[in-house]
Each structure stands twice: as structure tokens, then as C-alpha cells.
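Here's the structure, in C-alpha cells; my notes come after.
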Amino acid sequence: MTRVELSRRLSAVIPNAALEVVALPEVPRIRLALLQESYPQHLLDSDTVVSIMNTPMYWAFCWASGQVLARFIMDNPQYVKGRRVLDFGAGSGVVAVAAAIAGAKAVVVCDTDPLALLACACNAELNDVVLECAPSLDGYSGEIDTILASDVLYDRANLAWLQVFLDRAPSVLVADSRIRNFGAENYRLLSASSGYTFPDLDESQEFRQVKVYLGSRS
Ligand SMILES: C[S@@+](CC[C@H](N)C(=O)[O-])C[C@H]1O[C@@H](n2cnc3c(N)ncnc32)[C@H](O)[C@@H]1O
């Protein structure tokens, strides 16, 4: 039912687009309902491109930073195991699903887009994990040990969240490919690797270099 509703909302913005369930290329243990890989993005007319810009369907993609952070968490479960984690700007919920599989005690997905929360519910079911939904970090009052955030810094206004994350949780994992000189106080580089958005948006090489940072209270 959730997936049918998501498909309906997707095709209302991108004509004839459908969702398909795929195993993530870099994290095949995770299955997500995403925009079909074969969708002919190059054939989109200008009206449709404007419509997509006005109603971005972020949740229909697994962003490069999301795929890299999910892989990082699966390879390094100690960052989430036994912890209460919150995935900020969850989109499809890829990182939250990875945290749940890696042994987090409880996982909350937070996204301002109600459709993203619906996508998270759909993808939780596909992966047989439990995710709690929160429409905003401010409105969520539960205890959080670790905040996870991937590809949320495309909007420079979100840089201010880096400090808020540390006010809310003792540790933070951020994955990003958008900010060239990150330099945020109390964050240090943990890893750098290449990754890509799925389905592939043919982003420039620059946006395929994903860095994972650990934030902790000093
Ligand atoms: C580019 S997507 C990344 C999705 C996912 N983390 C991934 O890596 O695939 C960014 C997501 O952040 C959400 N977002 C942006 N600003 C937000 C905010 N202030 N609070 C919560 N979610 C936010 C958007 O709605 C969108 O779903």
C-alpha cells in the first residue's frame, strides 16, 4: 500500500516513472524502492524538469553520501551498535536501515518531507527492520546517542545543524560530498571514498568523492 502511494506520487511529478526494488550496488544487503534505473532521465522535457525542481523527490534516490555512509556503518558497526540513533534528512532511509541491521538499539528517521517518511516506512518493511518516524529534530524529545546525516549539506543553511547535532547527541556521523573545505569545529575526518547516487545522476567527479566525519563533544 505504501509503495503504491509512493509510486502514484512519483509519477504525478515525473511522468511514467515507477519505483523498483533494488539491492544497493555497494551495499547489496540493503534493498530499497527507488526510481527505476532504466528511467530515461535525458528525455525529460523542460516543464518536467521545472516540476522536479519544485517538488524534489529526494527519497526516490539513494544519494552518493547515503550509499557510502551505509557501507561505512555496515563495515564499522561499533559506531551504532547498542545505541539509539537518529538519521537526520533520512530520504529513503538507507542509512537508518544500515544502522538497524548493524545492531543499533533504536533507530529514528527524521525528515521534513512526509513522503520521505513514507519511503522510510516502505524500506523498513522491505529490510525487515523497525524505524520510528520524526518530522523534525526540534520536535523529537527522545534520547539520542548518535546522529547520522548523509547528503544534507547541499543546502548551506543546513551547516548550522552541525552544532545543533552535537548539542543533541554526544556523537555524530556526517557523510558529505558537497562542501569542499568542511572545517567544522569538533568534527574530524574518518574516511574518504568514491561513491555515486543510485539511480546514477551522472554527477561530476567532485560530487562522487564522499567524506565521512565524526563529530564529538570536546
Ligand atoms: C539529498 S537527500 C539525502 C537523503 C539520504 N540521507 C541519502 O543520503 O540518500 C536530503 C534529505 O534531507 C531532508 N532535509 C533537508 N533539510 C532538512 C531538515 N532541516 N530537517 C530534516 N530533513 C531535512 C530532505 O527532505 C531530503 O529527504
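This is a predicted model, so every value here is computed, not measured. Numbering of ligands and ligand atoms starts at 1, following listing order. Note that these values count all heavy atoms, side chains included, but never hydrogens, waters or copies made by symmetry.
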For Ser191, the option from Asn76, Asp75, Val212 that meets side chain to side chain contact (heavy atoms under 4.5 Å, CB included): Val212
Shared hydrophobic cluster, Leu148 / Val109 (ILVMFWY, side-chain heavy atoms < 4.5 Å): yes
Salt-bridge present (Lys211, Asp176; N to O < 4.0 Å): no
Any Tyr154 heavy atom less than 4.0 Å from ligand 1: yes
Taking atom 8 (O) of ligand 1 as the reference point, the nearest protein heavy atom with its distance: Ser150 OG, 2.7 Å
Side chain, backbone, both or neither: Ala90 near ligand 1, heavy atoms under 4.0 Å: backbone
For atom 1 (C) of ligand 1, the protein heavy atom that lies nearest, with its residue and separation: Asp151 O, 3.3 Å
For atom 24 (C) of ligand 1, the protein heavy atom that lies nearest, with its residue and separation: Asp111 OD1, 3.5 Å
Within reach of ligand 1, part of Trp63 (heavy-atom separation under 4.0 Å): both
Heavy atom of the protein closest to atom 21 (C) of ligand 1 (residue, atom name, distance): Thr112 N, 3.6 Å
Test: Arg188 cationic atom under 6.0 Å from Tyr213 six-membered ring centre, within 45° of axis: no
Contact atoms of ligand 1, heavy-atom distance to Asn158 under 4.0 Å: 15 (C), 16 (N), 19 (N)
Distance filter under 4.0 Å to Gly91 heavy atoms, resulting ligand 1 atoms: 4 (C), 27 (O)
Over 12 non-hydrogen atoms of neighbours within 6.0 angstrom of CD in Glu20: yes
